[in-house]
Amino acid sequence: MLSKKHDVLLVCRKSHAEEIKRNGLRISGETDYIAHPDAATSLKKSDAELVILTVKAYDTRQAVKKIAGKCNCPILSLQNGIGNEETISEIAGSERTIGGITTHGVRYMSPGNIIHTGKGETIIGEMDNSLTRRVKKYADAMTECGIQTKVSRDIRKDIWHKAIVNASINPLTAVLRCKNGYLLENKHAKQLMEKLCMEATIAAKSNGIDVDETEIMKRAEEVAYLTRENYSSMLQSIIRGKKTEIDYINGEIVKAGMKKGVEMPANSFLIELIKAMENAAVAP
């Protein structure tokens with residue numbers, strides 16, 4: 001979307017990059033558009049104004065190590081989970097780190113072909129909660145290209161809120177092999193979602209994160225509805241027999257809760273179940 005008005009280099013896998021170079025990136029679903037960013041399999045020395053990091057949380061450290069010395073610009077995390085910004089800051093420096101979340105749903109279909117399965121919100125902000133010119137500029141640029149983006153005065157809280165929502169939705173859809181919307185249609189699935197959300201909320205509160213149980217559960221239901229046709233990224237990883245981000249979503253929440261003496265049986269069970277399912281590709 002940014003390539004509508006800006007020079008964009010998409011760093012991705014070889015087959016994806018080659019198809020995008022040949023025919024563009026075909027986006028269908030909520031967005032019907034063929035984008036034409038440049039594409040490559042690695043980042044060379046660059047004078048880029050901004051790096052947007054969207055890799056899996058378990059690849060953050062490796063990706064930032066490859067990026068940090070190639071350019072001097074800020075790195076914006078639009079990833080799942082808790083701890084990505086801390087990793088970026090550790091390697092590239094806190095002054096280059098910008099936090100962010102997005103709840104848009106996307107499904108990768110084949111090289112050069114993705115489906116925008118659900119519209120969501122995008123929020124970015126400085127990790128020290130300051131309002132800076134650069135963050136406003138990036139948010140305006142994204143909004144201008146059709147990605148409605150807000151600037152946050154407490155991005156750490158927003159990251160936690162998204163992690164709680166993901167922790168309530170993603171592992172359940174992965175175990176049940178269902179679209180996000182099914183969690184609202186089945187009363188047993190919805191009760192499980194509420195249990196995961198309640199535990200995570202207590203863990204967040206115990207760590208000084210401002211979160212309201214009723215509000216965050218309503219938000220989880222809203223995200224499940226808005227992305228009702230989406231297969232969560234965790235389910236997509238399980239179907240492909242790949243590692244998931246469970247350690248960086250439910251895992252980080254459980255770790256934070258346990259440090260404060262909060263018991264989290266539902267989340268702990270889901271973590272073990274998902275990890276048992278990883279790398280065991282079976283039919284969806």
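All residue numbers refer to positions in the sequence shown, counting from 1.
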Practice task
Inspect the contact between Glu221 and Lys190 and indicate whether a charged nitrogen and a carboxylate oxygen are less than 4.0 angstrom apart.
Solution key: yes
Completion exercise
Rounding to 0.5 Å, atoms NZ (Lys243) and CG (Asp247) come to a distance of 6.5 Å
Handout entry: Spacing of CG belonging to Asn129 relative to CG belonging to Asp154, to within rounding of 0.5 Å
Key = 4.5 Å
Exercise for the section: Take atom CZ of Phe269 as the centre, draw a 6.0 Å sphere, and report whether it contains more than 12 heavy atoms from other residues, nucleotides or ligands. Expected result: no
Handout entry: Pairing of Arg22 and Glu19 as salt bridge, 4.0 angstrom limit
Key = yes
Completion exercise
For Thr214 and Asp212 the tightest heavy-atom approach is N-OD2, 3.1 Å
Problem - Backbone N/O of Ala256 and side chain of Asn207: donor-acceptor pair under 3.5 Å - result: yes
Practice task
Could you tell me whether a side-chain N or O of Arg228 sits under 3.5 Å from a main-chain N or O of Gly118, the two making a donor and an acceptor?
Solution key: no
Handout entry: Donor-acceptor contact below 3.5 Å, side chain Lys65 vs main chain Ile91
Key = no
Handout entry: Arg156 and Glu86 ion-paired at < 4.0 Å
Key = yes
Practice task
Give a yes or no answer on whether the side chain of His116 reaches the backbone of Glu30 with a donor-acceptor pair at less than 3.5 Å.
Solution key: no
Problem - Ser232 (side chain) donor-acceptor with Leu235 (main chain) under 3.5 angstrom - result: yes
Exercise for the section: To the nearest 0.5 angstrom, please state how far the CG atom of Leu50 sits from the CD1 atom of Ile98. Expected result: 6.0 Å
Exercise for the section: Would you check if the side chain of Asn250 reaches a backbone N or O of Ala167 as a donor-acceptor pair within less than 3.5 Å? Expected result: yes
Handout entry: Ile238-Leu192 co-clustered via ILVMFWY side chain contacts under 4.5 Å
Key = yes
Problem - Heavy-atom closest contact (Val106 atom, Gln236 atom, distance) - result: O-NE2, 3.6 Å
Exercise for the section: Look up atom CD1 in Ile124 and atom OG1 in Thr102, then write down how far apart they are to the nearest 0.5 Å. Expected result: 11.0 Å
Exercise for the section: Verify the cluster assignment for Val135 and Leu131: are they in a single hydrophobic cluster under the rule of side-chain heavy atoms below 4.5 Å apart? Expected result: yes
Handout entry: Residues in salt bridge (Lys or Arg N to Asp or Glu O under 4.0 Å) contact with Arg26, at least two apart in sequence or another chain
Key = Asp32
Handout entry: Note: Arg240-Glu278 ion pair, threshold 4.0 Å (strictly below)
Key = no
Handout entry: Met198 and Glu213, any side-chain heavy atoms less than 4.5 Å apart
Key = yes
Exercise for the section: Group every Ile, Leu, Val, Met, Phe, Trp and Tyr by side-chain heavy-atom contacts under 4.5 Å, then state whether Ile147 and Ile27 land in the same group. Expected result: yes
Practice task
Check whether Ile82 and Ile101 end up in the same hydrophobic cluster, where Ile, Leu, Val, Met, Phe, Trp and Tyr are linked by side-chain heavy atoms less than 4.5 Å apart.
Solution key: no
Handout entry: Rounded distance (nearest 0.5 Å) linking atom CE of Met109 with atom CD1 of Ile115
Key = 4.0 Å
Problem - Flag, side chain of Glu199 to backbone of Asn267, donor-acceptor distance under 3.5 Å - result: yes
Problem - Cluster link Val223 to Met193, ILVMFWY, side chain under 4.5 Å - result: yes
Handout entry: N-O pairing of Glu272 and Lys275 below 4.0 Å
Key = no
Exercise for the section: Drop me the distance from Ser233's OG to Lys242's NZ, to the nearest 0.5 angstrom. Expected result: 12.0 Å
Practice task
Check whether any side-chain N or O of Thr149 sits under 3.5 Å from a backbone N or O of Ile123 as a donor-acceptor pair, and report yes or no.
Solution key: no
Practice task
Among Ile52, Ile159, Val55, find the one that has a side chain to side chain contact (heavy atoms under 4.5 Å, CB included) with Gln79.
Solution key: Val55
Handout entry: Any donor-acceptor N/O pair, Thr103 side chain to Glu121 backbone, under 3.5 Å
Key = yes
Completion exercise
Correct closest heavy-atom pair for Ala48 and Cys73 would be O-CB, 3.1 Å
Handout entry: Within 45° cone of Tyr33 ring axis and under 6.0 Å: Lys4 NZ or CZ
Key = yes
Exercise for the section: Report the residues that fulfil salt bridge (Lys or Arg N to Asp or Glu O under 4.0 Å) with Asp140, sequence neighbours left out, ordered by chain and then residue number. Expected result: Lys136
Problem - Salt bridge Glu126-Arg134, side-chain N to carboxylate O under 4.0 Å - result: yes
Handout entry: Minimal non-hydrogen separation, Ile155 against Gly125, with atom names
Key = CG2-O, 3.7 Å
Handout entry: Greater than 12 external heavy atoms within 6.0 Å of Lys119's NZ
Key = no
Exercise for the section: Check the pair Lys218 / Glu215 against salt bridge (Lys or Arg N to Asp or Glu O under 4.0 Å), numbers first and verdict last. Expected result: CA-CA 5 Å; Lys218 183 179 178 183; Glu215 180 186 322; over 6 Å; no
Exercise for the section: Check the angle between the aromatic planes of His16 and Tyr108 and answer parallel, tilted or perpendicular using the 30° and 60° thresholds. Expected result: perpendicular
Handout entry: Closest approach of Cys71 to Leu43 (non-hydrogen atoms, all atoms of both residues)
Key = SG-CD2, 4.4 Å
Handout entry: CD/Glu49: more than 12 non-hydrogen atoms of other groups inside 6.0 Å
Key = no
